[in-house]
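Presented below is the structure to which this report refers.
Naming: A, B, ... by sequence-line order, numbering from 1 per chain. Being a predicted model, the structure only gives us computed values, none of them experimental. Any value given below was found using the heavy atoms of this structure, including those in side chains, with hydrogens, waters and symmetry copies removed.
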Number of protein chains: 2
Amino acid sequence: MNPHGPQCRGVTGVLQRVGDKWSMLTINALAEGPRRFSELRRSIEGISQRMLTLTLRGLERDGLVTRTVTPSIPPRVDYELTKLGQSLQQPVGELARWAIDHLTEIQASQQRFDVVADAAREEGKLSRE
Amino acid sequence: MNPHGPQCRGVTGVLQRVGDKWSMLTINALAEGPRRFSELRRSIEGISQRMLTLTLRGLERDGLVTRTVTPSIPPRVDYELTKLGQSLQQPVGELARWAIDHLTEIQASQQRFDVVADAAREEGKLSRE
DNA sequence: CCGAATCCTTTCCGATACTG
DNA sequence: CAGTATCGGAAAGGATTCGG
């Protein structure tokens, strides 16, 4: 694959979408069926109303979710994964599996790295005095 | 999978790494074997020295690449994918495949969305005058 | 209930200059 | 060659307020 062709940019774009702080959590929350806005807000720990709105807009723009307004009082808005959105779940699921399988390995590496990095900084501090 | 357990955070962490602007491009540039810093810098279009350094540090911290210094003059530093880094390529490859397969669909959706959004904004502008 | 708008803080990142 | 240090603009994102 040409690393600088339009395809590569597209792939990078998709990676950035799934790497977005809230997108995958949102898709995950929609995995088992349609949910309304306030349900999503409650089920996605720590998300602000603003970010949920923005995330859903982005997903809707990409064709991954649909937005359905029911003009009742109070108003009601439901979100649902499209077929495209559902089809994303498999490849992301495999990545998730990889992450889970290697999580302890990654965390161990991070700890080793941080210990060494801290020691190096102390070293530099001492020799500069 | 518990959506708020430590596993989920780990998965999100991995997604954010692959979604990082330069990480996957860097891993990709290392796919066929070790490369030295300046080679990477040239082969990854548009990356700054700073970001290449930071990206490589992050990947090294996660145990995805190794950094090997050869203290010659001029100095030489080689980077290479670890086994862990190589094992990441398959699941990411599948996501890349998905992205390529659905790229036109996504772009079409984006265009439709943008057209409608623009029309809505114009509408609002008119009714406010 | 849903979400747009605003404010404000934090983080990102490119450009530049400097070091071993 | 391979970094590190610093600065400033841009963007992300949380908190809050207002509106339909």
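Contact check on B/D78 versus B/R35 returns no salt bridge, with no Lys/Arg side-chain nitrogen under 4.0 Å from an Asp/Glu carboxylate oxygen.
In this structure, the CZ atom of B/R35 is 18 Å from the C1' atom of D/dC1, given to the nearest Å. Distance A/L52 CG to D/dA15 C1': 16 Å, rounded to the nearest Å. Atom CZ of B/R67 and atom P of D/dC1 are 16 Å apart (whole Å). When rounded to the nearest whole Å, the span between CH2 of B/W22 and P of C/dC13 equals 9 Å. Whole-Å rounding puts the B/I73 CD1 to C/dT19 P distance at 18 Å. A/Q49 has its CD atom 12 Å from the C1' atom of D/dG14, to the nearest Å. D/dA2 atom P lies 8 Å from atom CD of B/E39, rounded to whole Å. Atom CD1 in B/I47 sits about 15 Å away from atom C1' in C/dA15, given to the nearest Å.
A close approach under 4.0 Å does not occur between any side-chain nitrogen or oxygen of B/R41 and OP1 or OP2 of D/dA2. Side-chain N/O atoms of B/R50 include none lying less than 4.0 angstrom from OP1 or OP2 on D/dG3. In this structure, A/R57 reaches the C/dA4 phosphate: one of its side-chain N or O atoms is under 4.0 Å from OP1 or OP2. The phosphate of C/dG14 has OP1 or OP2 within less than 4.0 Å of a side-chain N or O from B/K21. Distances shown here put every side-chain N or O of A/T53 at or beyond 4.0 Å from the OP1 or OP2 atom of C/dA4. Distances shown here put a side-chain N or O of A/S38 below 4.0 Å from the OP1 or OP2 atom of C/dC2.
Listed for the A/S23 side chain is no donor-acceptor partner under 3.5 Å among the backbone atoms of A/V18. Checking side-chain atoms of A/S43 against main-chain N and O of A/A29 turns up no donor-acceptor pair under 3.5 Å.
The side chain of A/M51 lies closest to D/dG13 when the candidates are C/dC2, D/dA2, D/dG13.
The 5' end of DNA chain D is approached more closely, in terms of each residue's nearest nucleotide, by A/L54 than by the other of A/L54 and A/P75.
Note that CZ of B/R17 and CG of B/L64 are 6.5 Å apart. Values are rounded to the nearest 0.5 Å.
Of all non-hydrogen atoms in B/R67 and B/V77, the two that sit nearest each other are CG-CG1, 3.8 Å.
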